[in-house]
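For reference, the structure discussed in these notes is given below.
Order of the sequence lines sets the chain letters (A, B, ...), proteins ahead of strands, with each chain counted from 1.
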Amino acid sequence: MKIAGHPTLSYLPFFHRHRQTWPRCPSISPQPLSGLSSNTLTTSSLTKRVVGSLISINPKTAFQAYLETCVSLLKNFSNQGLAREGRILHAHLLKMGVSSNRYIAIKLLIMYLNCKKTLDVDRILKELGEFDIVAWNCMISAHIENGNLEGARRLFDEMPKRNEVSWTALIAGFMKFGRVDDSMWYFERNPFQNVVSWTAAISGFVQNGLNFDALKLFQEMLESGILPNEVTFTSLVRACTSLGDTGLGRSVFGLIVKTGFEHNISVCNSLITLHLRMGEVDLARMVFDQMEERDVVSWTASIDLYIKTGDLMEARRIFDEMPERNEVSWSMMIARYNQSGEAEEASKLFKRMVHNGFKPNISCLSSILSALASLEALLPGKSIHGHAIKVGIEKDVFIGSTLIDMYCKCGQTLDGRQAFDSISDRNLVSWNSMVAGYSLNGQLEEAKELFEQIPKRNIVSWNTIVAGYVQNEHCEHVLEVFNEMLLSGEIPNQSTFSSVLRACASLASIEKGRNLHGKIIKLGIQQDVFVGTALTDMYAKSGDIVSSKSVFNRMPEKNEISWAAMIQGLADNGFAEDSLILFEEMKRSARVAPTELVFLAVLFACAHCGLVDKGFQYFESMERIYGIKPRGRHYTCMVDMLARSGRLSEAEKFIEAMPFQPEANAWAALLSGCSIYKNEDMAERTARKLWELMEENSAGYILLSNIYASVGRWNDVSKVRKLMREKGLKKIGGCSWVEVRNQVHSFYCEDGCHTQSAEIYGILELLMSEMMVFQNLQS
DNA sequence: ATAGGGTTAG
């Protein structure tokens with residue numbers, strides 16, 4: 001609401017000093033309970049308006065501003081059900097002689113209605129005259145705003161006379177709450193059919209996702225001789241946007257130009273989004289540039305102009321500099337940060353949004369919950385959950401699905417499941433999130449069971465379960481699930497291949513991997529970063545470093561994970577020097593900075609080249625140049641590096657000087673160095689340290705017993721083994737496997753695991769005897 | 001009566 005002759009902000013300090021001269025006003029705005037529940041109408045905005053009315057030279061404007069202030073207050077009281085404050089204001093208005101002003105009277109009516117003061121409602125209705133249709137219509141709107149559709153319908157039936165506004169209010173009201181059939185019942189019986197009622201129905205269809213029906217209704221409207229206006233077109237464009245039909249969008253765009261509505265601000269706003277959704281960034285920019293006037297919606301829509309070109313910084317600049325922001329602008333920016341993987345910034349922006357008095361709605365809350373999920377921030381997530389319960393939206397699909405994600409990413413699958421169960425209208429995202437949540441927390445059985453129950457699976461469901469098998473190291477089953485997926489008719493995408501290739505990498509199953517590579521090329525998705533990275537990794541892990549390099553070199557886009565895979569791959573395959581050369585190349589040319597993972601590969605390469613000093617240089621540069629705090633694994637790498645090169649006392653000093661508790665593997669690396677370089681004293685010390693750390697970790701015991709075994713200390717070996725048995729720790733058996741006719745056959749240390757082991761041993765014996773015969777013949 | 005914003009898999 002703009003007031004003519006509104007003073008500039010520089011007048012404000014003056015009035016702050018004289019605020020007490022303003023006649024006592026009933027508690028202007030109730031103090032917000034917390035940042036979240038604050039109302040958008042703040043005390044300062046009211047003061048500004050009152051101040052404006054006082055110093056305005058034009059008395060007519062001042063009076064208007066005064067009325068508007070009262071109306072804002074009434075609205076505020078009405079929304080919060082503050083009947084007492086409302087009564088005080090009513091008395092004030094009576095004294096000022098404006099309570100009979102029709103505009104004010106109607107607002108008073110709505111206030112009493114919302115505060116459920118039926119007696120006052122009846123009194124005002126009588127004062128206005130029972131046949132005041134506007135008053136009745138306002139009451140209907142107020143009921144609809146509160147979601148009380150039956151109340152609205154009752155009033156509609158009771159009212160002595162109805163006009164086109166009454167009918168349209170009901171049509172739009174039912175649409176707003178998803179009751180399309182009820183809405184159409186009134187639409188068909190409406191005696192006042194005009195553009196507005198038709199448009200209400202069309203936009204209602206669009207709001208409820210019935211885009212095609214909206215288009216059909218539009219056609220019917222044209223056939224019945226009613227001409228569309230700018231509002232009709234805005235809704236129509238939105239329908240095209242949701243349908244994603246380029247041809248349809250173009251023809252509607254053509255119709256708009258032909259009928260001369262292309263300069264309307266709302267039409268342009270919807271067109272910007274249409275063009276952006278169709279991938280026509282230039283067209284969208286053209287519409288935006290040619291607009292004569294722009295509003296919050298235009299600016300908000302223009303943020304995506306930069307998001308489409310991948311320029312998040314520029315989008316943020318637009319957001320910061322746009323002339324006005326509302327809750328949708330904030331939500332949009334928060335969502336974009338979250339989608340770009342900048343959850344931290346999203347969360348910062350959310351705090352600022354609440355601080356600035358904006359009320360986050362469902363969309364915004366689900367974005368922020370998603371951001372908190374990736375930050376694994378349980379407490380803030382819980383507080384948002386609490387807020388959602390307080391305002392009664394915890395059963396919403398979007399809120400519920402993001403709550404599942406948030407709780408599960410924080411390791412709380414039970415709470416996640418509770419969120420899943422409480423969603424009133426579950427969709428595929430809810431199901432997929434829950435399946436993902438289970439497999440993320442190692443509950444693969446629960447994940448499988450839930451996956452089976454999904455009513456209608458989509459590509460994400462399949463990818464989730466495939467990824468679940470990979471995460472939980474059931475790689476041998478991944479290919480079975482993948483085949484099942486193919487049989488179900490689902491076409492795999494880059495995400496699927498990324499997981500399945502990871503399984504092949506850990507199985508070192510080169511044949512399967514090559515086969516998948518072929519499928520990838522057939523589907524034309526070999527350009528994808530994730531696919532390229534997974535292929536590079538798979539070939540490297542399977543020992544085919546030539547193919548690995550060739551895939552890597554051909555990747556049109558590389559991220560930090562791609563570089564890490566190649567650097568690690570080279571080091572693993574014994575090309576440590578090449579690995580370090582590649583790392584230097586990455587620092588020179590890549591657009592991405594080295595990460596923890598890359599450094600781990602680099603340190604590993606140094607350890608295997610014996611380049612201790614260079615390793616130290618890299619280690620030291622991690623924090624100094626790149627701001628990456630070395631983790632336990634990096635320290636272990638360094639200990640290994642020193643121990644391998646025989647610099648045992650340095651290794652021991654290094655491990656003692658660590659800022660946090662070392663990994664068990666670090667001690668094990670040192671111990672292994674001790675056994676290679678025969679340092680009995682240090683071995684004894686180190687073994688004791690390892691003992692202390694080895695409380696519940698069977699891997700540590702195994703390391704220790706292996707090291708004892710390697711130096712022939714069999715007494716100690718049996719001591720360790722005995723201790724393990726006492727503690728109930730089971731040795732994880734070694735495993736080996738072969739691939740025969742697309743099926744992986746696994747063999748474990750314990751005999752007889754394979755179903756055909758008897759036959760296999762029979763054949764083995766036969767082969768052995770033949771070999772013996774052959775050997776005897778030769779000698 | 002309208003336009004701009006939301007959740008899941010790698």
Side-chain angles (χ1 to χ4, degrees), chain A residues 164-165 167-169 171-173 175-176 194-204 206-207 229-238 241 264-274 276 295-304 325-336 338-339 360-371 373 396-406 408-409 423 427-437 439-440 458-468 470-471 493-502 528-531 533-534 561:
Chain A
E164 66 274 21
V165 180
W167 284 91
T168 310
I171 295 168
M175 283 295 193
K176 196 173 160 191
N194 58 10
V195 218
V196 182
S197 65
W198 277 92
T199 306
I202 292 172
S203 73
V206 179
Q207 279 164 28
N229 65 10
E230 67 280 4
V231 184
T232 324
F233 276 121
T234 10
S235 294
L236 208 62
V237 172
R238 197 180 148 195
T241 308
N264 177 274
I265 187 160
S266 305
V267 173
C268 285
N269 291 342
S270 61
L271 279 174
I272 292 171
T273 313
L274 174 77
L276 280 173
D295 62 5
V296 220
V297 183
S298 330
W299 284 105
T300 306
S302 80
I303 289 176
D304 270 354
R325 278 167 293 274
N326 62 12
E327 73 279 8
V328 180
S329 330
W330 284 93
S331 303
M332 171 99 130
M333 203 62 235
I334 290 168
R336 295 298 175 259
N338 181 39
Q339 288 156 354
N361 58 14
I362 292 180
S363 307
C364 185
L365 288 172
S366 52
S367 284
I368 197 65
L369 274 172
S370 163
D396 177 86
V397 228
F398 279 95
I399 297 291
S401 303
T402 40
L403 276 174
I404 297 171
D405 191 36
M406 190 275 293
C408 291
K409 290 234 168 91
I423 299 173
N427 64 12
L428 254 177
V429 180
S430 330
W431 284 94
N432 295 343
S433 300
M434 197 63 236
V435 172
S439 53
L440 186 71
N458 67 359
I459 178 83
V460 180
S461 322
W462 282 103
N463 289 349
T464 305
I465 199 73
V466 169
V470 179
Q471 277 164 12
N493 65 7
Q494 37 272 70
S495 176
T496 326
F497 283 110
S498 163
S499 296
V500 181
L501 283 169
R502 224 181 98 195
D528 185 78
V529 213
F530 283 98
V531 171
T533 306
I561 305 165

Nucleotide nearest A/D295 when distance is taken to its side chain, options B/dG10, B/dA1, B/dA3: B/dA3

Any A/C268 side-chain heavy atom under 4.5 Å of A/I265 side chain: no

Side chain to side chain donor-acceptor pair (under 3.5 Å) involving A/T496 - partner list, sequence neighbours excluded: A/N463, A/N493

Sugar-phosphate, base or nothing in reach of A/D396, heavy atoms under 4.0 Å: base

Interatomic distance where CH2 belongs to A/W462 and P belongs to B/dG10 [whole Å]: 17 Å

Residue-phosphate contact under 4.0 Å: A/R336 side-chain N/O, B/dG6 OP1/OP2: yes

Minimum side-chain heavy-atom gap A/L369-A/D405 below 4.5 Å: no

Between B/dT8 (C1') and A/L403 (CG): distance, integer Å: 14 Å

Nucleotide nearest A/V196 when distance is taken to its side chain, options B/dG4, B/dA1, B/dT7: B/dA1

Proximity to the side chain of A/S367 - top-ranked nucleotide from B/dG6, B/dT2, B/dA9: B/dG6

Side chain to side chain donor-acceptor pair (under 3.5 Å) against A/T199, all qualifying residues, sequence neighbours excluded: A/T232

Separation of B/dG10 P from A/I459 CD1 (nearest whole Å): 13 Å

Touch class at under 4.0 angstrom, heavy-atom based, for A/Q207 against every strand present: sugar-phosphate

Touch class at under 4.0 angstrom, heavy-atom based, for A/N194 against every strand present: nothing

Between B/dG6 (P) and A/M332 (CE): distance, integer Å: 7 Å

Atom-pair distance (CG on A/N338; P on B/dT8), nearest Å: 7 Å

Sugar-phosphate only, base, or nothing, as touched by A/T300 at under 4.0 Å among non-hydrogen atoms: base

Sugar-phosphate, base or nothing in reach of A/S401, heavy atoms under 4.0 Å: base

Heavy-atom donor-acceptor pair, A/N493 side-chain to B/dG10 base, under 3.5 Å: no

Spacing of A/M406 atom CE relative to B/dT8 atom P, expressed in whole Å: 13 Å

base_contact_polar (B/dA3 base, A/S266 side chain, donor-acceptor, <3.5 Å): yes

Shortest side-chain distance from A/S366, nucleotide among B/dG6, B/dG10, B/dA9: B/dG6

From CD (A/E164) to OG (A/S197), nearest 0.5 Å: 9.0 Å

Polar side-chain contact A/N264-B/dA3 base: donor and acceptor under 3.5 Å: no

Short side-chain donor-acceptor distance under 3.5 Å, A/N427 and A/S430: yes

Between B/dG10 (P) and A/Q494 (CD): distance, integer Å: 14 Å

Touch class at under 4.0 angstrom, heavy-atom based, for A/K176 against every strand present: nothing

Nucleotide B/dT8, atom C1' - distance to CD1 of A/I423 in whole Å: 11 Å

A/Q339 side chain near B/dT7 phosphate (N/O to OP1/OP2, under 4.0 Å): yes

B/dT8 OP1/OP2 closer than 4.0 Å to side-chain N/O of A/S370: yes

